[in-house]
Trainee: 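My questions all concern the structure below.
Because the structure is a prediction, the values reported are computed rather than measured. The first residue of the sequence shown is numbered 1, and numbering continues consecutively from there.
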Amino acid sequence: MTEKELYELTRLTLTYNPTTGLFTHNIRPRSMFTSDRDWKKWNTRYAGKEAGSTKKNHWNGKYYKHIVLLDKDYMFHRIVWLYVYGVLPEVIDHVNGDPTDNRLCNLRNATPLENSRNMRRRKNNATGIPGVIMHCQNGRYVAQIGIMGKTKHLGITPDFFEACCLRKSAENRYGFNENHGSNRFISSN
């Protein structure tokens, strides 16, 4: 199915509410079904009801909303972007870090690099600041940042605050999102 056909299908079969971030099923035309029975059954069961489901993605363990169109599974946020703007983006970033929040104000078209610079803090982060770790042998703090697939050393200091400032300064210099590393909403579905 082409991008244009998918766009037309979404506009025909779904209605999107940008405030809630939800799709609802539209009444589907008879031409989409092989029999009157199937047509009536589908519209009785689904028309006017919320579309999509939440499931855990195998590659990162996060819960995302999905939607099925003509027996093909799509990421919900990608279909939102298509529905509103008429194009399928390469990457959609959830600004607040909640991958189930598909309100239009929470979605932005991004590059993979921009998306990676808006990650929330990892669960195994011991200091609470990404890129600041305590050196286990001497008790000093090491500040570092990942740039273009390489770890860039920013400095070693006995002062935690100074290490945090080194990291934050580098984040600003390299264009990281202000939400990067924050302890934002973590979906527990």
Trainee: Nearest 0.5 angstrom please: Glu162 CD to Ile156 CD1, how far?
Mentor: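 Going from CD on Glu162 over to CD1 on Ile156, the span is 11.5 Å.
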Trainee: Any chance CG of Leu12 has more than 12 other-residue heavy atoms, nucleotides or ligands included, within less than 6.0 Å?
Mentor: yes
Trainee: Atom CG of Asn26 and atom CZ of Arg28: how far apart are they, to the nearest 0.5 Å?
Mentor: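 Nearest 0.5 Å value for the CG-CZ distance: 8.0 Å.
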Trainee: In this structure, are over 12 heavy atoms from other groups packed under 6.0 Å from Arg37 atom CZ?
Mentor: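 No, the 6.0 Å shell around CZ holds no more than 12 heavy atoms from other groups.
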Trainee: Considering residues at least two apart in sequence or located in another chain, which fulfil the side chain to side chain donor-acceptor pair (under 3.5 Å) criterion with Lys152?
Mentor: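 For Lys152, no residue satisfies side chain to side chain donor-acceptor pair (under 3.5 Å) once neighbours in sequence are set aside.
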Trainee: Please walk me through it: do Ile145 and Thr151 pass side-chain contact (heavy atoms from CB on, under 4.5 Å)?
Mentor: CA-CA 6 Å; Ile145 194 164; Thr151 301; over 6 Å; no
Trainee: With sequence neighbours left out, write down each residue that passes side chain to side chain donor-acceptor pair (under 3.5 Å) with Asn43, or none if nothing qualifies.
Mentor: none
Trainee: Please name all residues satisfying side chain to side chain donor-acceptor pair (under 3.5 Å) with Arg30, sequence neighbours left out, ordered by chain then number.
Mentor: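 Once residues adjacent in sequence are excluded, the partners of Arg30 under the side chain to side chain donor-acceptor pair (under 3.5 Å) criterion are Asp36.
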Trainee: Can you measure from CZ (Phe23) to CD1 (Ile67) and round to the nearest 0.5 angstrom?
Mentor: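 With rounding to 0.5 Å, CZ (Phe23) is 5.5 Å from CD1 (Ile67).
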Trainee: So, are Glu171 and Lys168 salt-bridged, with charged N and O less than 4.0 Å apart?
Mentor: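 Counted as a salt bridge, because a side-chain N and a carboxylate O are separated by less than 4.0 Å.
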Trainee: Measure the spacing between OH of Tyr7 and CG of Leu9 and express it to the nearest 0.5 Å.
Mentor: 12.0 Å
Trainee: Check the pair Tyr74, His66 against ring pair (Phe, Tyr, Trp, His ring centres under 6.0 Å), reporting the backbone distance first and the verdict last.
Mentor: CA-CA 6 Å; Tyr74 294 93; His66 290 255; 9.9 Å; no
Trainee: Could you grab the distance from atom OG1 of Thr10 to atom CD of Glu5, nearest 0.5 Å is fine?
Mentor: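 These two atoms lie 12.0 Å from each other.
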Trainee: With rounding to the nearest 0.5 Å, note down the distance linking CZ in Arg167 to CG in Leu154.
Mentor: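 The CG atom of Leu154 is 7.5 Å from CZ of Arg167, to the nearest 0.5 Å.
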Trainee: Do the ring planes of Phe33 and Trp42 sit parallel (below 30°), tilted (30 to 60°) or perpendicular (above 60°)?
Mentor: tilted
